[in-house]
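Data first, discussion second: the structure below is written as structure tokens.
As the structure is a prediction and not an experimental result, all values here were calculated from the model.
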Amino acid sequence: MQKKWPLGDRELKLGMMGMTEGNGHPYSWSAIFNGYDRDEMATCGFPVIPAYLAQQPQSTFGIPGAHITHVYCNQRSDAEHVARAALIPNVVDRPEDMLGEVDAVVCATDVGAEHVERCRPFIENDIPVFIDKPLVDNVEDLRTFIAWHEAGKHFLSSSSLRYQKDLEPYYKNRYELGQLVFIARTMQKYWTTYGMHALESLYPLLGEGFRSIQDVGPDPAAGKHHMLIKHDSGCTISLVQQYSISSPGFILCGTDASIVLKGSDTYYSFKKQMEVFVEYIRTGIEPYPFRETVVLAQLLIGGLISGREGGREVLLSEIV
């Protein structure tokens, strides 16, 4: 009998669970594991996906010993199309139908309020899960995930921008910048779903010490927010979220030098995200402490609270 955890070097059967409006991750992430059918992928409804997949040599597809074998979507027709596009052999009518059939599950939805119930059947049956950002968007659900982690359940959550190709080197080596004194980032779409993209790269840069978040320019109806974040290092952090902004940018300013980054290799970020998850379930070693995920969730939730309450400063200590 194979051990349940960690999963070791055996062949892995993974389930893909999606999808939500405006989010094509079931297509792209499944293609990263399985390869894809070009004609079917061209009709996926997300033109950017076949565009960046087409840039990749065939040799870049696949993660050794791991395949997406089952897929579930709220609409069976969506799941059937994902299966044709990303060469997935099995479509299921309920997420629970994957129990006993897969070794792990990828939850490819980006609505944090749904993640507890979407993931519950797997987490409570000791099936490891990767959960798309944001893990949660409210305090009660964050408490549930904290309790699951404390009980020894196995799950991982991140934004793909943790693995932004041009930013990653600065996590460990940024000595030419001196001490970081100002960070600015822009992000598109909604804070509730895309705010974690803006937040995720902050922790590897600054580490422990996030104290508060304040939305000084809340205009939720227009999809606009301006978040100011305080950190014990004294670094000033400014995140601007606007639905219609053309593309995200990132500025790092230090006492000695500054840089402007603009990552564009989506495939690299997504593949690294999936590779990290596979390594986690094979070894049982968390790639980053769960504490980071909790703090980033506190920042996302704190930003929502601040916007709702007229832009007041929200302490992370208030949350959980």
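- Across all non-hydrogen atoms, the minimal contact from Ile281 to Ala104 is CD1-CB, 3.8 Å.
- Rounding to the nearest 0.5 Å places OG of Ser157 at 7.0 Å from NE2 of His115.
- For an aromatic pair to be called close, the ring centres must be under 6.0 Å apart, and Trp29 with Tyr36 fails this.
- Between Phe155 and Tyr280, the gap from one ring centroid to the other reaches at least 6.0 Å.
- The side chain to side chain contact (heavy atoms under 4.5 Å, CB included) test with Ile229 singles out one residue from Ile237, Leu316, Leu206, and that residue is Ile237.
- Between Tyr190 and His225, the distance from one ring center to the other does not fall under 6.0 angstrom.
- Within the cation-pi definition used here (under 6.0 Å to the ring centroid, within 45° of the axis), Lys272 does not qualify as a partner of Tyr267.
- Counting only residues at least two apart or on different chains, the side-chain hydrogen bond (donor to acceptor under 3.5 Å, both in side chains) pairs with a member in residues 203-213 are Tyr203-Glu208, Glu208-Arg291, Ser212-Glu313.
- Under the 6.0 Å cut-off for aromatic ring centres, His25 and Phe270 qualify, their centroids lying closer than that.
- Side chains of Glu168 and Tyr268: a donor-acceptor N/O pair is present below 3.5 angstrom, by distance only.
- For the pair Arg282 and Phe277, the NZ or CZ position fails the cation-pi test of under 6.0 Å to the six-membered ring centre and within 45 degrees of the ring normal.
- Taking every heavy atom of both residues into account, Leu7 and Pro128 meet most closely at CD1-CG, 4.3 Å.
- When the shell of 6.0 Å around CD of Gln56 is examined, it contains more than 12 heavy atoms from other residues, nucleotides or ligands.
- Residues passing the side chain to side chain donor-acceptor pair (under 3.5 Å) test with Thr293, sequence neighbours excluded: none.
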